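Please read the structure below before turning to the comments.
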Amino acid sequence: MNRAQKRTSAFAAVAVLAGAALAACGSGGTASTGASTGGGGGENAKVAFLMPDLASTRYELADKPLFEAKMKQLCPSCEVIYQNADSDAAKQQQQANSALAQGVKAIVIDPVDSAAAATIVKSAQSQQVPVIAYDRPIPSTPADYYISFDNEKIGSMIAQSLVDHLKKENAEGGILQVNGSPTDAAAGLIKKGIHSAVDPSGFKLLAEYDTPDWQPEKAQTWVSGQITQFKDQIVGVVAANDGTGGGSIAAFKAAGVKVPPITGNDAEPAAAQRIIAGDQYNTISKPIKIVAEASANVAWEYIQGKKPAGKTTLYNTPSELFVPTVVTRENIKEVLFDSGIMKAADACTGEYAKGCEELGIK
């Protein structure tokens, strides 16, 4: 969710592998039926995989290859039509229209704009093509299925982790809150979760910001202004993802002041290195393999004419929501490296070697 920041080729390989899946936990309850079903049989079917932006490296390096690999396993003769909208809702609409014209039997979409995506849902369902909302929900017009990590839980987990740390350190001051994109319904859920931990924490919320398109540069610019205004009153920053967290860290470094504890989310390789170096306080590990493979399984069911039941319901949509893991310096070795999600040889290079040695990452 940041503007195509370059990563090392080694980390690209890591992201593609995505690592071992954590134990997946769905919420209770069941819901039935989507609004439409795909065609029966399934052989030689086409499925669209429409991702929202190039700002986060995960879509090109992990979501796409993992989804494609699972679909190939389920249906060797099926074709995945992959498109990335590069943060342009109109472009994503065009991509969806093109996919429908090519005769796809299911659409998996991570919407650029959760409200605008309602048009895509209506258009697809009018042609009896099921829509699986991926990572971000589509609240106003129910998709046929929704698969994601629990975004509200993510927000509360990263914020509570930070609050607990600040209390342990006897910090005195206030918190900045850097939210995600205002057009992303998942960002809204993360924001709600953050408030559930920050508001009753006893720490003053100095200011908050909804970051357009999740762009780290915009987060950095905003945080820079808050540093000028609040100076040493800032004892922590709750950033909704690793990109905005990285932008926040860059703002403090550019100002030449001490970087306070700053959160993240996505466990991007660069964020793992920042945690190892002590620049970023936490992130969220939500192995993309889990949601990519789950969405492929659901798409394949729809393609065969089945109606998979959700394990819970969100926005009137049958859903499956997985529970993630908070990562700090205390458990990064176990969660990201011992599990095989990341490799020490890739992370512990150059300036990060010393931090890896301190943490026993080999």
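Only a predicted model underlies this, so the values are computations on that prediction, with no experimental measurement involved. Just the heavy atoms: all of them, side chains too, but no hydrogens, waters or symmetry mates, feed the values below.
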Practice problem: Please report the C-alpha distance between Lys64 and Glu60 in whole Å, then the side-chain angles of each, then the deciding distance to 0.1 Å, and finally whether the salt bridge (charged side-chain N to carboxylate O under 4.0 Å, His left out) criterion is met. | Solution: CA-CA 6 Å; Lys64 173 182 180 288; Glu60 301 288 315; over 6 Å; no

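- Side-chain polar atoms of Glu301 and Asn297 form no donor-acceptor pair below 3.5 angstrom.
- For the pair Lys307 and Tyr302, the tightest heavy-atom approach, listed with the atom from each and the gap, is CA-CE2, 4.3 Å.
- The two residues Gln280 and Thr283 have their closest heavy-atom pair at NE2-CB, 3.9 Å.
- Under the 3.5 Å distance criterion, the side-chain polar atoms of Asp266 are left unmatched by any main-chain donor or acceptor of Glu268.
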>> ring pair (Phe, Tyr, Trp, His ring centres under 6.0 Å) for Phe49 and Tyr134? Distances and angles first, verdict last.
In response: CA-CA 9 Å; Phe49 192 64; Tyr134 179 90; 5.3 Å; yes

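- Taking the side chain as every heavy atom from C-beta outward, Ile81 and Val47 never approach each other to under 4.5 Å.
- In summary, of the residues considered (Ile284, Ile158, Ile332), a side-chain contact (heavy atoms from CB on, under 4.5 Å) with Val327 occurs for Ile332 alone.
- With hydrogens and angles disregarded, a donor-acceptor distance shorter than 3.5 Å links the side chain of Asp242 to the backbone of Asn265.
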Check the pair Lys253 / Asp279 against salt bridge (charged side-chain N to carboxylate O under 4.0 Å, His left out), numbers first and verdict last. CA-CA 10 Å; Lys253 289 193 171 186; Asp279 288 332; 2.8 Å; yes

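- Thr317 contributes no side-chain N or O that, together with a main-chain N or O of Ser319, makes up a donor-acceptor pair within less than 3.5 Å.
- When Gln177, Lys218, Lys191 are each tested for a side chain to side chain donor-acceptor pair (under 3.5 Å) with Asp210, only one passes: Lys191.
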- Query: After noting the C-alpha distance and the side-chain angles of Gln94 and Gln83, does the key distance pass the side chain to side chain contact (heavy atoms under 4.5 Å, CB included) rule?
  - Reply: CA-CA 10 Å; Gln94 294 168 358; Gln83 295 286 342; over 6 Å; no

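- Counted by atom type alone, Asp88 and Gln92 present zero donor-acceptor pairs between their side chains at under 3.5 Å.
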